[in-house]
Amino acid sequence: MATSHQDDTFKVVIVGGGIAGLTLANALQHAGVDYVLLEAKSEIAPSLGASIGIAPNGIRILDQLSCYDAIEGLITPVETVGLHDVNGKELAPRSDMFKLARVRMNYPVCFLDRQALLKILAEHVCDQSRICLSKRVATIEHFVDHVEVCCTDGTSYNGAVVVGADGVNSTVRREMWRAAEALESGLTSKEDRATLFAEYKCLYGISSPTAGLAIGNFEVTFAQDVSTMVISSKGGRVFWFLFGRLPKVCRAGEIPRFSRSEAEQFARENLDILITPTGVKFGHIWKNRENCTLVPIEEGDYAHWTWGRFACVGDSIHKMTPNSGAGGNAAIESAAALANAINSLKIAACNPSLEDVSHIMTGYQEERKFRVSETIKSAHQVTRFQALKGVKERLIAKYVLPVTVELGADSETDGWIGSTMLNYLPPPPRSLCGTMPFNPSQGRGKHESLLRRAIFALPLLAVGIWCFVVILKHLPFGLFTEILESGRISWDHDRSVSVIKTLFHIEFLDQMLRSAALAMVPSALAMDKPSALQMLTFITDTGLVYAIMLVEGARRANLFKPASLPFIFGLLAVNGIGVFFPLYYYLFYVLSPIATFAALDKRLTDRAFTLGVLPVLALSYYTPLFVAYCASSLELRYRALWMWHLFPVWTVVGQHVLAWTVMPKTIVTDRMQNPKRDLWAIRITIGSLTALSAAVWLSTLYQALRFGFSLSALFFPNDDIHTYLGGVRNMLVWDQLCFSLSSLLWMLYLFSDLKRAGMVRRSWSFVLGVLIGASVFGGTGAAVGVAWLWREEVLASRRHKDAVVKAKGS
Ligand SMILES: Cc1cc2nc3c(=O)[nH]c(=O)nc-3n(C[C@H](O)[C@H](O)[C@H](O)COP(=O)(O)OP(=O)(O)OC[C@H]3O[C@@H](n4cnc5c(N)ncnc54)[C@H](O)[C@@H]3O)c2cc1C
């Protein structure tokens, strides 16, 4: 390796004064690191008619660098997104995802002139002599103790580290490969060098205000091989992008450049594309253009970002299509991550060794690589999706997009919540006030492993399987048939509920219900009081847990998850509550890691549905049971039991009817303005059913004492499986035992999440004490009710321990 002289100060040479280079310059200034920035152009912010969309992940860093105040004056936040096809037909309901994202992050998604952003970044560099214009870097020599950066004008600059922030056709990247090849042939593979390719081109520009475009709206038009994105920003200024597919995928070296006439030709071919359903066409915007440029849009996810004293940042090393507006923001994030690394290098040594530099730079790449690769992949897909490239994309646009558009804010904010920040500057106060505060341990790339959760939660599943086996073992199938066939219970088959019989294995169920109706004869109750009491506690506990499931079904966090379909589990549970509720608990736990609740509004339930839980359960669950218990007519009891058995159907119908007719529909505003609005409805619903469960439990204890039953006679199986009533009793006892055990276990699992997240700071002995105490004094149902309500309050009021929030513990 060549040697040369280097002075003793730790200096960084930044090549390129674009977004990445200028962000890094500002960040190094705050770290007190000596640097020089070399820019090829003669001015930092030329007027090229380009815009840039910045998002909370980039803005948060710009805020740390004190640049955001200046930006805020120039922008109008993007609020809503409209997705249309080429004929202006809406592909999905208009989404306010960016508005919701702003409430969560307390920063907007916004567009401004790229020139303005570069100007602001440059003006925040205190020592302007560090920005050297008209300095086109030509070659870089790498030495053991420094680098020498040589410009086309013959000047050269020495530094401990050289940073390539020189864009997609990076000279620094090329020089890094050259230096690496000279010493370690093979480190940079041919594939890595040929990573860059382009399949699409983009005509972008800025137009003056155009009639029909509302400020703050983002319009996307999906069309075969062509797509558009149009944003109407502050003062009605229109930022627009027209994408088209290239005739073939062009590899590095063969990517075309376009002339002005080619740009105009491309625009003329697409003047009739509808930008909005109200009739605004691309031609209208084109007519109002101030400036425009046609470029190929390269993509490239390089494997090696650094080598020796080289480090690349921004488009020079991670290049993506602009459809998701992420490239510039990723460049800002990478610049921040690199500044963190350089700062730690400066702290460690004034003149760091080559090994130290290599080591720290590798750490920089490791920190960023996963997130960047994911962002590149996602941008790649969005481009093809908007251009309706293939059958898959067309099917998704037609059938998936309309129902999943609501998840847009979730996917965006998941990418921002834990994004890189400068670790040597405090988080800006503004970033701490949203409903989804910065959390370095959450978000894209930091998700809990679902497989790990699935394995960890296996005991829940095991209880269900065990219950299934035990019930099968104890079920006196033969006896039911025998009893019926022997005519000991006579029924008018013609009058039986034949329609319902087609559901499930109805014959068997029907026999069960007739048997239960028989068991509920007052005299039978008197004869088998323990069974009746056991059934009563079981039924009230199940009702309470089903109410919890209905509330969970209305929760935003459970959209598109099994928990959003409680009636399926309710119907299945007809075949064994102790079998199918554990399955629900298992799926619920696995699919609801604590990060699901990173945004406060994810806990929120749809009040229109939550408010309906109590009345529909009262009507469809508790009333038929009351009739079945009290009616003297066997047939009435039988029919009441049939009504009761179909409670999952009645509840879902009832909730929807109420939600569509009388209940207040507030979820759309609640999720932004009042994410705790449903809490009272939940407290009253679950609180009252918990009280009912506890009352039934206490009355059971009282009656057991009064009539001299032991608790084991009530709640534990015996060996009477040969008589009909004995078999039914044992089956129900097993069912209840497994239901109770799995329900309590479910609560422990949910609390293990809360405790790991630091949201419950009470000790495990306290949590267990509450569960045991509530079980003793209110029964297991009430214990579940109390624990679940506790969890609800925690989710509504406490944040994850790593969330950086303004008010401690809020
Ligand atoms: C049409 C389009 C729209 C986009 N929209 C968005 C958006 O809305 N949001 C978003 O986040 N991203 C967007 N992007 C991506 C974003 O523009 C880039 O990711 C970002 O500009 C990368 O910044 P950079 O500093 O790494 O590179 P560049 O912006 O390319 O800057 C490189 C700088 O290095 C200088 N330079 C080059 N070679 C040399 C040399 N040899 N010596 C000295 N200086 C040199 C150049 O003059 C330039 O100033 C868009 C991209 C395109 C093409």
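We count residues from 1, following the sequence as given. Numbering of ligands and ligand atoms starts at 1, following listing order. Small disclaimer: the values here were computed from a predicted structure and weren't measured.
- Here Thr420 pairs with Glu333, Glu367 under the side chain to side chain donor-acceptor pair (under 3.5 Å) rule; sequence neighbours left out.
- Aromatic ring orientation, Tyr107 versus Tyr68: perpendicular (interplanar angle above 60°, classes split at 30° and 60°).
- Ligand 1 is surrounded by Val15, Gly16, Gly17, Gly18, Ile19, Ala20, Leu38, Glu39, Ala40, Lys41, Ile52, Gly53, Phe111, Arg114, Lys135, Arg136, Val137, Ala165, Asp166, Gly167, Thr171, Cys202, Tyr204, Phe241, Gly314, Asp315, Pro322, Gly325, Ala326, Gly327, Gly328, Asn329, each with at least one heavy atom closer than 4.0 Å.
- Between Asp166 and Arg173, none of the side-chain N atoms (NZ, or NE/NH1/NH2) sits under 4.0 Å from a carboxylate O, so this pair counts as no salt bridge.
- Shown here are the side chain to side chain donor-acceptor pair (under 3.5 Å) partners of Asp410, two or more places apart in sequence or in another chain: Arg104, Lys602.
- Taking the charged nitrogens against the carboxylate oxygens, Glu412 and Arg444 have no contact shorter than 4.0 Å, which rules out a salt bridge.
- Scanning for side chain to side chain donor-acceptor pair (under 3.5 Å) contacts around Ser419 gives Arg60, with sequence neighbours left out.
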